[in-house]
Trainee: 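Please see the structure below; I have some questions.
A note on names: the letters A, B, ... follow the listed sequences, proteins ahead of strands, and every chain is numbered from 1. These numbers come from the heavy atoms of this one structure, side chains and all, not from hydrogens, waters or symmetry mates.
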Amino acid sequence: MKLKKIFFILSAILIVTSCDYLEPDSLSLKYKEDVYQNLSYIDQVLTSAYSNLPAGYNDIDGSWIASASDEAEEVDASKKIHHFNIGNWNEFNNPDDVWANCYKGIRKTCDFLEGTDTISWYAYKGNNEVEYTRRKVLLKRTRAEAKFLQAFYYFELVKRYGGVPLITKKLNLDDNGAIIGNIARESFANCVQHIVNLCDSVIACPELSVAWSATEDGYAGRASGGAAMALKSRTLLYAASDLYNQPGLSSVFGYTDVSDDARKLRWESAAKAAYAVIATGKYTMQPYNLIFTLGSGRGTEVIFERRSGSDNVFDKANYPIGFEKGATGTCPSQNLVDAYEMKADGSKFDWNNPIHAANPYAGRDPRLLMTILTNNELFGLPARKVEIWQGGLDGLPRQKATKTGYYLKKWVNTALDFSLNNTTFHQWIYFRIGEFHLNYAEAMNEAFKNPTYKNTSIGYMRSAIEATNIVRSRFGVGMPGIPATISYEDLRQRIRNERRVELAFEGHRWFDARRWMIGSTTLGSDLRGVNIVKTGDNTFLYTPTVVEKRVYDTKMNLYPIPQSEINKTGGSIIQNPNW
Amino acid sequence: MKINRYKSRFAILIIQVLFFQLSVFAQQNVSADKKADEKKVAVAYGELSADAVTSSISTVSGDNLKKNTNYNVSESLFGMLPGLFVEEKALEPGSAKLNMFIRGKSTFGNASNAPLVFVDGFERDLSELTMEDIENISVLKDAASCALYGSRGANGVILVTTKRGAEQKTSYTFRSEYGFQQPTKLPRFVGSKDFAKFYNEALDNDGLSNLKYSDEKIAGYDNGNSVLNPDFDWANEMLAASAPISNVNFSARGGNQSTKFYVNIGYLNNTGIYKGTDKYTDYSTNINYDRYNFRTNLDLIVLKGLSVKMDVSGQISTKNAPNSSTSSIWNAMYKYPTHLFPVMAEPGTLGGTPVYYNSPMGQITELGYDRISSRYLQSSIQALYEFDGTLKGLSVGARYAYDNIYSITENNTKTFGVKDVLGKTTSGDPILSQLIGKNSTVPVFSISGESQLRRNSFEAYSQYVKNIGQSTINALIMYHQDKQYVDQYSPYAFQTLGGKLHYGYKNTYFAELSGSFSGTEVFAPKNRQNFYPAASAAWVVSNEDFFNTTKGIDYLKFNTSAGFVGNSSVGERFTYRQLYVNSGSIIFGRGNTAILYGLAEGTLPNIDLKPERAFKFDIGMNMKLFSSLTLDATYFIEERSNILTTSSSQISSVLGVAVPNINKGKTSVSGVDASLIYNKQLRDVGISLGLNLSYYNSVIKEINEQALPDFASYQLQKGQAIGSSLGLQAIGFYQNDAEIASDPVKPQFGTVKPGDIKYKDQNGDNKIDDYDRVYLPGLNMANVDLGFQIGLNYKGFDISAFLNAQLGESIYLGDSPLLFWPLTDESARITQYVADRKPWTPGNATSANYPRLTTQDSPNNYRRSDFWMINGDKLLLRTLELGYALNATTAKKLFLANARVYVRGMNLFSLDHLKAVDPAAMSGYPMMKSFQMGFNLSF
């Protein structure tokens, strides 16, 4: 009996002392209930939604999309970007698989919009009117930013995959752990419309500035009304392009009504959207070479950018091999170099012209030397001439010397000493005004098939030629204007070339070639470089060579949907054609 | 600092001499006799006589283990305990420990397979222990033996008991060992000339013949190593012939009726294998591990019936190391060219290029040094009151422990520059480049890592032991709680209330019921506490009246057990609630300095998060034959469920947020552990032989994997063993372009060329892609472990050897691309292994055993296939020891109780299929063999 008692008492003591011993210490944990009560947490949720924006620099396994296009070749054979070049990419393996990342961004915007939907800050009303008003304005502004981000992420998806599942609310799981709701692919038209609708609602938000003024420097890098206009313009330009307007396409991959009239309307709305950006009057073109080394400053040309801290990762990765810790990285292609016209008359560069061939970088469109580092040019800190010739400090057969005979200059800070670990600020520009003149020119030319057409009474304030020439004549470039006598077909080629040159290494070419459906002859053509032999002091022999046979198939105009996504949805997500 | 090291070595020498003198002149009488007490087995919360044990437990004594290691306890356990698998891996001096598994792996994903380790009743890590202090180590394997550990018992439990005092005249033991270590097998590389030839071969294969090394350049390598034509081996330049290791321990043990004690103090030093690291006078950059350890275990009788144990122990260690990670140093040794630039471009300046600017020699000599200081402190107090009179047999006890682990890493960082050899002047002198990088002289001090763990454990228990007629009853009720505070994280907490009832009849029939309510902080409140019951029984046949021992069977016993245990180390915590977590950052505003950090929904919750649950069933037997042979064998089955599996395999990423892991996984494991021991004394010759066997086989029953198309259903993990892997099946090399063109089967991993690996099209779709991967034979760890111990003694001499075989593992050469995938990842060396296999060229197309060399990416060849899998079966001579002990009379004349000198070799010999390099060190610090000599004096 006594024994039993002792056991009982002992057990009772133990159980009493054990209360709550296993409760976690929740000081460091944030629960959902707390987040939308707290202004700084709310702001952080939006910050997180921004953080899924593409980095631009080095954003594909330390390389970038330019090195998959006919703009360049990546020197490092182990980088994943080469999978594109050798055609080793598919529904299982895609170096530029943004699918999951974009949907993460989209969910964050949904979370923000749903979480802030019911916030009234009513407690401040009457109590502290100033704070009440501030919070109301802030709420509206940030909600508009979230909508912009959602549109941005959808455009990133649509331009790669065509129509995608349109998720506009936070999805939930049912008790069996399955997603509640239909996640089939939406039609291309509806996806575009969703992006445009979001942009329109952002543009219409009075609390959000059209462009962040000088007194709003602290907001630089945030979305603005102008950014929404720019996104709308680019979206409509893509939507009007050949790729999404092929006869007989399923509605998921493009428009089903591709009659001339329907297409004309699409080009017209693309032209209007492009002009809207220009018409804000908030953005002006700067000297070309300054735009890409703005560092932490602000450019008048920049509409929307991603800012980053001070580092030298990108610069180191792209400095010529002969400079300390330079790793070459991007090797611009001869294909791109050849696209720069002659400065004197706007004619094409021609290797068969002995004067051109003897001195291939002289007398060219000034943007060439602002974009690409060529042989025997002064570069770096301490500055020296770049020796790309065979046997030179920066040339073959040195391991990891450029494969093409060129190094990258655009975006690179050319005055860094890595032995001192010099760093620099960067910003990656998503939208700048130069593009929108070209968007306008392209849309006008395609809509009216008339290079000189304009009609100021219905808002077409400039002709396609005029718009193109605005870019060509920018300060410090001063390329001769395109003559008014040009045919619309020829102008199309000139606009395409202008776009290639003006927007080189800004992430456009890879997608432009797709929407124009010229991938096989551009992205799939031989990637060329130049062999340089030193023949005397400052004299060289330049011979173009083939660096790589590129693989391109028309099915690649749209990315394949990741096979895992198809498997997981039991086939409700259908694959793109021929993948 | 270096001076300090010498100081401490000098101090040891003095101590050694002193104690030797002491031992010679000490006036002590020693009773060498030991009480031949009945063998007891440590079980959860107490011990039982061997007969009465109903569950599966294996034990090994500390003395037996000491031979197997330099100092690392986990290293001593290879093959020593049936059912215990130790994963072999090379450790650098001061490295923590090896992975261990009891009865193999039963779970997968992020969950831990690691057993629970209890030292003297408290959860502690094996690395906190010193070999000298270990009395014995037991592994508890089945549900019955682990039931009281409840939610932590499923992976088995390792119980360590440390030495304690005894009622005897104080005895002192002094042990000193000194030895040196050498790498077992370093990879060999071809010389510069052969490298250049192979590289030219690769360029030919790539169509880059214009970049080839000229014949003149290749011929230059014939003239031996020079600045212009380097030809050397990093290992020769950087590694010393051997690295010293020394170990000293002094312990005392004794006591009387009321006070007993065991104290030990020890010192260990182990130096790294690098050389040239003493260049700077005020510091060394070599690895140097210094460890001091101490222990005091006191047993006090405070009052009649009330006994108290007070234990304090600890380790204080300092590790000096190059200020560069071991993997970075060794990767550079295997990767950096030895034909382009010399080790030293000029006196005082290392060689290098803009690509190869981080010379491995520079990494160990010129980057400064790190110093990692750590301490383990353990203290505990236990009180036990044993009732007398009518309550005789009842006892109550409580114990409390407070442990502290702290470590801090100090970096002393320096930089160095290198110079490239650009060419030669007309007079033949080398032209060197500008300095690439910067030289700095004084190391800059910083602190990079600081971490602290505190652990509070409390336990109370009451036991009742009573003999009633022919029955014996042993009842226990216990309560345990502990909390571990690691840095800033929410503490890890455990709580268990358990009990057991052991019943024996006629010392022949035994049965036990045990169970616990056990919980941790990890899970949803409703799932935190769980009940884990177990039952077991034993029948000692040889104690039956009818049993006749004359037939040679001296002892025979059967036992069986069944029950449930849990595993709460599931790899995540608190995921039953939706949390918001830090997520991403962005910079806004001119100036780019205002970094904003984001907050976003964390993983969606698994509101049902719960621990893994294992059902275990064991049946075993134990027999002794001819008074010399002991056989122990157990067959076991384990069914593990509630294993966390990802649900992302089923949920589209359009959801946009990480999906929870859910408790859906199931595995089934079965196997055998057995041991056979033979002991015989033939006049002067004593023989002891021991064989341990551990074997397991696992099957994944459910893993919640993604649905696969019908044509690839062979890729389902369900039904496979844990640790099996998918890969392509190689069927030779493409021999020529015509073959590639005409082959209907098209590889999808980039363009293939003659000399590339050809794969089998498993599903007949004429494409080689990831769907053609099938399960390859072999696992990622051994599933058969054999230990074979031989001991012989003759008069004062003894010799012992321990052989260990590990079978069933497959080695994937792709884990070590620098050695086996030539020229990948900027690698500029080629191993002899590759050269011996004759890489494919058009000239040797039919006899080649290796794919063509290439300077480019080779996604077709360099991917997981059976071409790169090697049978990992291996046999090692882990220990060979030869000793001589003075006989008792001679010892007595020298006033000693015991004196023994010995020499020992470890890892002296091994057999494996890889041969080119030790499979346990395919990258990083090498596996070491060691030679040691030592002596052991008791007085």
Trainee: Just so I understand: if I count every heavy-atom pair under 4.5 Å between each of A100(A), P562(A), S51(A) and chain B, which residue has the most?
Mentor: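 If we count pairs closer than 4.5 Å to chain B, S51(A) comes out on top.
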Trainee: Can you tell which of A493(B), P660(B), G584(B), G591(B) has the highest number of heavy-atom pairs within less than 4.5 Å of chain A?
Mentor: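 The residue among A493(B), P660(B), G584(B), G591(B) with the greatest pair count is G591(B).
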Trainee: Let me know if D420(B) has heavy atoms under 4.5 Å from chain A in its side chain, its backbone, both or neither.
Mentor: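 Side chain only.
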Trainee: Could you tell me how the ring of F84(A) sits relative to the ring of W89(A): parallel (under 30°), tilted (30 to 60°) or perpendicular (over 60°)?
Mentor: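 Rings of F84(A) and W89(A): perpendicular, as their planes differ by over 60°.
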Trainee: Checking side-chain polar atoms at under 3.5 Å, does D206(B) have a donor or acceptor matched by the opposite partner on T855(B)?
Mentor: yes
Trainee: Answer yes if the side chains of K403(A) and T328(A) hold a donor-acceptor pair under 3.5 Å, and no otherwise.
Mentor: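 No donor-acceptor contact under 3.5 Å links the two side chains.
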Trainee: Is K32(A) in contact with chain B via its backbone, its side chain, both, or neither, using a 4.5 Å heavy-atom distance?
Mentor: both
Trainee: Measure V35(A) against the heavy atoms of chain B and call it side chain, backbone, both or neither at under 4.5 Å.
Mentor: side chain
Trainee: Kindly indicate, with the supporting measurements, whether the criterion side-chain hydrogen bond (donor to acceptor under 3.5 Å, both in side chains) is fulfilled by S433(B) and K419(B).
Mentor: CA-CA 5 Å; S433(B) 70; K419(B) 284 188 179 178; over 6 Å; no
Trainee: Going by an N to O cut-off under 4.0 Å, is there a salt bridge joining D76(A) and K79(A)?
Mentor: yes
Trainee: Just checking F418(A) against Y319(A), ring centres under 6.0 Å apart?
Mentor: yes
Trainee: For S649(B), which atoms come within 4.5 Å of any heavy atom of chain A: side chain, backbone, both, or neither?
Mentor: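 For S649(B), the backbone is the part near chain A, not the side chain.
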Trainee: Would you say Y479(B) and Q481(B) are linked by a side-chain donor-acceptor pair, where the criterion is simply a distance under 3.5 Å?
Mentor: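 Present: a donor and an acceptor within the cut-off.
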Trainee: Count the heavy-atom pairs under 4.5 Å between each of S308(A), G309(A), G326(A) and chain B, then report the option with the highest count.
Mentor: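 Ranked by heavy-atom pairs under 4.5 Å with chain B, first place is S308(A).
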Trainee: Given heavy-atom pairs under 4.5 angstrom as the criterion, report whether the side chain, backbone, both or neither of D217(A) touches chain B.
Mentor: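 D217(A) touches chain B through backbone and side-chain heavy atoms alike.
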Trainee: Could you tell me if D482(B) and N456(B) have a donor-acceptor pair between their side chains, going purely by distance under 3.5 Å?
Mentor: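 D482(B) and N456(B) do not have a side-chain donor-acceptor pair below 3.5 Å.
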Trainee: Could you check whether Y580(B) and Q44(A), counting side-chain N and O atoms only, form a donor-acceptor pair closer than 3.5 Å?
Mentor: no
Trainee: Tell me, for S585(B) versus chain A, whether the close heavy atoms (under 4.5 Å) come from the side chain, the backbone, both or neither.
Mentor: backbone
Trainee: Checking S564(A) against chain B: side chain, backbone, both or neither under 4.5 Å from a heavy atom?
Mentor: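 S564(A) touches chain B through backbone and side-chain heavy atoms alike.
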Trainee: By a 4.5 Å heavy-atom criterion (distance strictly below it), what part of F494(B) contacts chain A: side chain, backbone, both, or neither?
Mentor: backbone
Trainee: If you count heavy-atom pairs under 4.5 Å with chain B, which of G218(A), S48(A), A178(A), G322(A) comes out on top?
Mentor: S48(A)
Trainee: Can you tell which part of L604(B) gets under 4.5 Å to a heavy atom of chain A, answering side chain, backbone, both or neither?
Mentor: side chain
Trainee: State, with a plain yes or no, whether a side-chain heavy atom of Y485(B) is found less than 4.5 Å away from one of Y492(B).
Mentor: no
Trainee: Counting only heavy atoms closer than 4.5 Å, note whether I167(A) contacts chain B via side chain, backbone, both or neither.
Mentor: side chain
Trainee: F574(B) versus chain A, heavy atoms under 4.5 Å apart: side chain, backbone, both or neither?
Mentor: side chain
Trainee: Mind running side-chain hydrogen bond (donor to acceptor under 3.5 Å, both in side chains) on R107(A) and Y153(A) for me, showing each step along the way?
Mentor: CA-CA 10 Å; R107(A) 185 182 177 96; Y153(A) 293 126; over 6 Å; no
Trainee: Determine the option with the most heavy-atom pairs under 4.5 angstrom with chain A, choosing from Y357(B), Y771(B), Y862(B).
Mentor: Y771(B)
Trainee: Are Y50(A) and F588(B) an aromatic pair by the rule of ring centers under 6.0 Å?
Mentor: yes
Trainee: Given that the side chain runs from C-beta out, which part of F92(A) has a heavy atom under 4.5 Å from chain B: side chain, backbone, both or neither?
Mentor: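 It is the side chain, since no backbone atom gets that close.
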Trainee: Quick one: which of F323(A), F112(A), W99(A), Y219(A) has the most heavy-atom pairs under 4.5 Å with chain B, could you say?
Mentor: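 Highest number of pairs under 4.5 Å: W99(A).
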Trainee: Any chance NZ of K170(A) has more than 12 other-residue heavy atoms, nucleotides or ligands included, within less than 6.0 Å?
Mentor: yes
Trainee: Under 4.5 Å, counting heavy-atom pairs only, tell me which of V654(B), L422(B), T824(B), V522(B) racks up the most with chain A.
Mentor: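 Heavy-atom pairs under 4.5 Å are most numerous for V654(B).
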Trainee: Using non-hydrogen atoms and a 4.5 Å limit, figure out which bit of I595(B) sits close to chain A: side chain, backbone, both or neither.
Mentor: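 It is neither, since no heavy atom gets under 4.5 Å.
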Trainee: Would you say the side-chain atoms of Q495(B) and E521(B) include a donor-acceptor pair closer than 3.5 Å?
Mentor: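 No, E521(B) and Q495(B) have no side-chain donor paired with an acceptor closer than 3.5 Å.
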Trainee: Compute both the distance and the angle, then confirm whether R577(B) meets the cation-pi test with Y31(A): under 6.0 Å from the six-membered ring centre, within 45 degrees of the axis.
Mentor: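 Checked: cation-pi criterion met.
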Trainee: Under 4.5 Å, counting heavy-atom pairs only, tell me which of K104(A), E324(A), Q563(A) racks up the most with chain B.
Mentor: E324(A)
Trainee: Any Lys/Arg nitrogen of E565(A) or R185(A) sitting under 4.0 Å from an Asp/Glu carboxylate oxygen of the other?
Mentor: no
Trainee: Mind ranking K438(B), Q650(B), Q434(B), K483(B) by heavy-atom pairs under 4.5 Å with chain A and telling me who comes out on top?
Mentor: K483(B)
Trainee: So which part of E23(A) gets closer than 4.5 Å to some heavy atom of chain B, the side chain, the backbone, both or neither?
Mentor: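 For E23(A), backbone and side chain are both near chain B.
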Trainee: Measure T520(B) against the heavy atoms of chain A and call it side chain, backbone, both or neither at under 4.5 Å.
Mentor: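 For T520(B), the contact with chain A is made by the backbone alone.
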Trainee: Give, as side chain, backbone, both or neither, the part of I566(A) having an atom under 4.5 angstrom from any heavy atom of chain B.
Mentor: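 Nothing of I566(A), per the 4.5 Å heavy-atom cut-off to chain B.
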Trainee: Count the heavy-atom pairs under 4.5 Å between each of T593(B), I607(B), L596(B), N582(B) and chain A, then report the option with the highest count.
Mentor: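 Maximum pair count with chain A is reached by L596(B).
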Trainee: Please identify, among H83(A), H82(A), R298(A), the residue contributing the most non-hydrogen atom pairs under 4.5 Å to chain B.
Mentor: R298(A)
